[in-house]
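Here the structure is laid out as structure tokens; the discussion comes afterwards.
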Number of protein chains: 2
Amino acid sequence: MSSRKDPELVSAAAWTKRCYFAGRALMDATLRPHDLGSTQWFILCHLANNGPSVQRDLGRALELERATLSGIISTLVRKDLVEQSSSGEDQRQRLLTLTAAGEALWRELPDLSFIHEAAFGGIDAAELATTIRVLQSATERLQNLLRKD
Amino acid sequence: MSSRKDPELVSAAAWTKRCYFAGRALMDATLRPHDLGSTQWFILCHLANNGPSVQRDLGRALELERATLSGIISTLVRKDLVEQSSSGEDQRQRLLTLTAAGEALWRELPDLSFIHEAAFGGIDAAELATTIRVLQSATERLQNLLRKD
DNA sequence: CCATTATTGTATGGTAGCGAACAAAATAGA
DNA sequence: TCTATTTTGTTCGCTACCATACAATAATGG
């Protein structure tokens, strides 16, 4: 049916893409009145819930590359929502803190957990667990292949 | 455990993201020697397998927005891999065709289906089917929410 | 102590994706 | 017919992601 090099979009991989972007689109639409992107929201989220953090730890927690995080942080700093200060210990590290404006914005931001509820809330728990396990194992296989070259 | 506005990355949504990007990263790494992006590969793929196509149909087949596709097409044209000509019927439409260089490149491109195999090949068929069904239903719920506002 | 290596962050350039605004062409409706 | 709407595609500006190359600081091993 499908020739050798056919993309075959009707597959698990295609659905991970669609599902990911549908969720992001919904987050972005919800956050648009606040002039905030979804990843920016995640960052404010983490800082508000866990207190000031060094960029390195934030990147580990949210699984963002240094370069990616660096860019997003600089836009958050430009918007005066986040402050960078040198952490006492390591002169390379930058400590990230919510500004007053950042805290104020944070308090009026919507709760996005309804999106996770909307997407996966009505789904049978066992099936959801299976899904997570399959996605996790697929991700690990892919990342192993990546490391090997 | 998780506070009201906590991102809780350890969830199905987080794994869809990781899985999507791991797959894309592997595709991109494989295609890097050929100076081609993964979505560019999908487009060449579709044109090679299905013959010349109008941009509208290509977008529907690959589920790409007009704006997104338009940008990628213009880079493919700049690389002289794809040609745009006006389709006879509708003066708005542009017919997309592989150039000779595009066909030549296509012939030496690697088959990326090994990635799908690597990710999902070893997984129990029933569990894979469940995963696809869960992702599909989640995507549909999200898209319904998007349309409603 | 000094040279090497590892870590942290930045800057640049590229791909991919979306929304909004626009122009041109086609279609529908009055 | 002539106007209004829909469709198709482009352009602009933005987020987000990655790879690469770079600078600065730690940490490690002679």
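A quick note: this is a predicted structure, and the numbers were derived from the prediction, not measured. Naming convention: chains lettered A, B, ... in sequence-line order (proteins, then strands); numbering from 1 in each chain.
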On the nucleotide [N], are OP1 or OP2 found under 4.0 Å from the side-chain N or O atoms that [X] carries?
X	N	result
Gln84(A)	dT10(C)	yes
Lys17(B)	dC17(D)	yes
Gln40(A)	dA16(D)	yes
Ser70(B)	dT10(D)	yes
Arg66(A)	dC18(D)	no
Thr68(A)	dC18(D)	yes
Arg60(B)	dT7(D)	no
Tyr20(A)	dC17(D)	yes

5' priority, DNA chain D, between Ala25(B) and Thr39(A) [closest heavy atom]: Thr39(A)
Calculate the interatomic distance between [X] atom [atom1] and [N] atom [atom2]; express it in whole Å.
X	N	atom1	atom2	result
Leu96(B)	dT10(D)	CG	C1'	14 Å
Arg32(A)	dG17(C)	CZ	P	17 Å
Arg94(A)	dT25(D)	CZ	C1'	12 Å
Ile72(B)	dT11(D)	CD1	P	15 Å
Asp28(B)	dG17(C)	CG	P	10 Å
Gln55(A)	dA11(C)	CD	P	11 Å
Arg56(B)	dG9(D)	CZ	P	8 Å
Glu89(A)	dT8(C)	CD	P	12 Å

If you look at every strand shown and take non-hydrogen atoms under 4.0 Å, does Leu69(B) touch a base, only sugar-phosphate, or nothing?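 The residue Leu69(B) makes no contact with any strand.
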Classify the nucleic acid contact of Thr75(A) as base, sugar-phosphate or nothing, counting any heavy atom under 4.0 Å across all strands shown.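 The residue Thr75(A) makes no contact with any strand.
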Using distance alone, with no hydrogens and no angle criterion, decide if Arg24(A) and Thr39(A) have a side-chain donor and acceptor under 3.5 Å apart. yes
Which of the following nucleotides, [options], is nearest to the side chain of [X]?
X	options	value
Gln91(B)	dG17(C), dA26(C), dT25(D)	dA26(C)
Lys79(B)	dA19(D), dT15(C), dT15(D)	dT15(C)
Asp90(B)	dT15(D), dA26(C), dG17(C)	dA26(C)
Ser38(A)	dA16(D), dC18(D), dT8(D)	dA16(D)

Does Phe21(A) or Ile73(A) map to a spot on DNA chain C nearer the 5' end, using the closest nucleotide for each?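 The residue whose closest nucleotide sits nearer the 5' end is Ile73(A).
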Are any non-hydrogen side-chain atoms of [X] and [Y] less than 4.5 angstrom apart?
X	Y	value
Phe120(B)	Val134(A)	yes
Phe42(B)	Met27(B)	yes
Gln84(A)	Leu96(A)	yes
Leu31(B)	Leu112(B)	yes

For the atom pair CG (Leu36(B)) and CH2 (Trp106(B)), what is the distance rounded to the nearest 0.5 Å?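 Reported value, rounded in 0.5 Å steps: 10.0 Å.
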dT8(C) base / Arg92(A) side chain donor-acceptor hit below 3.5 Å: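 Absent.
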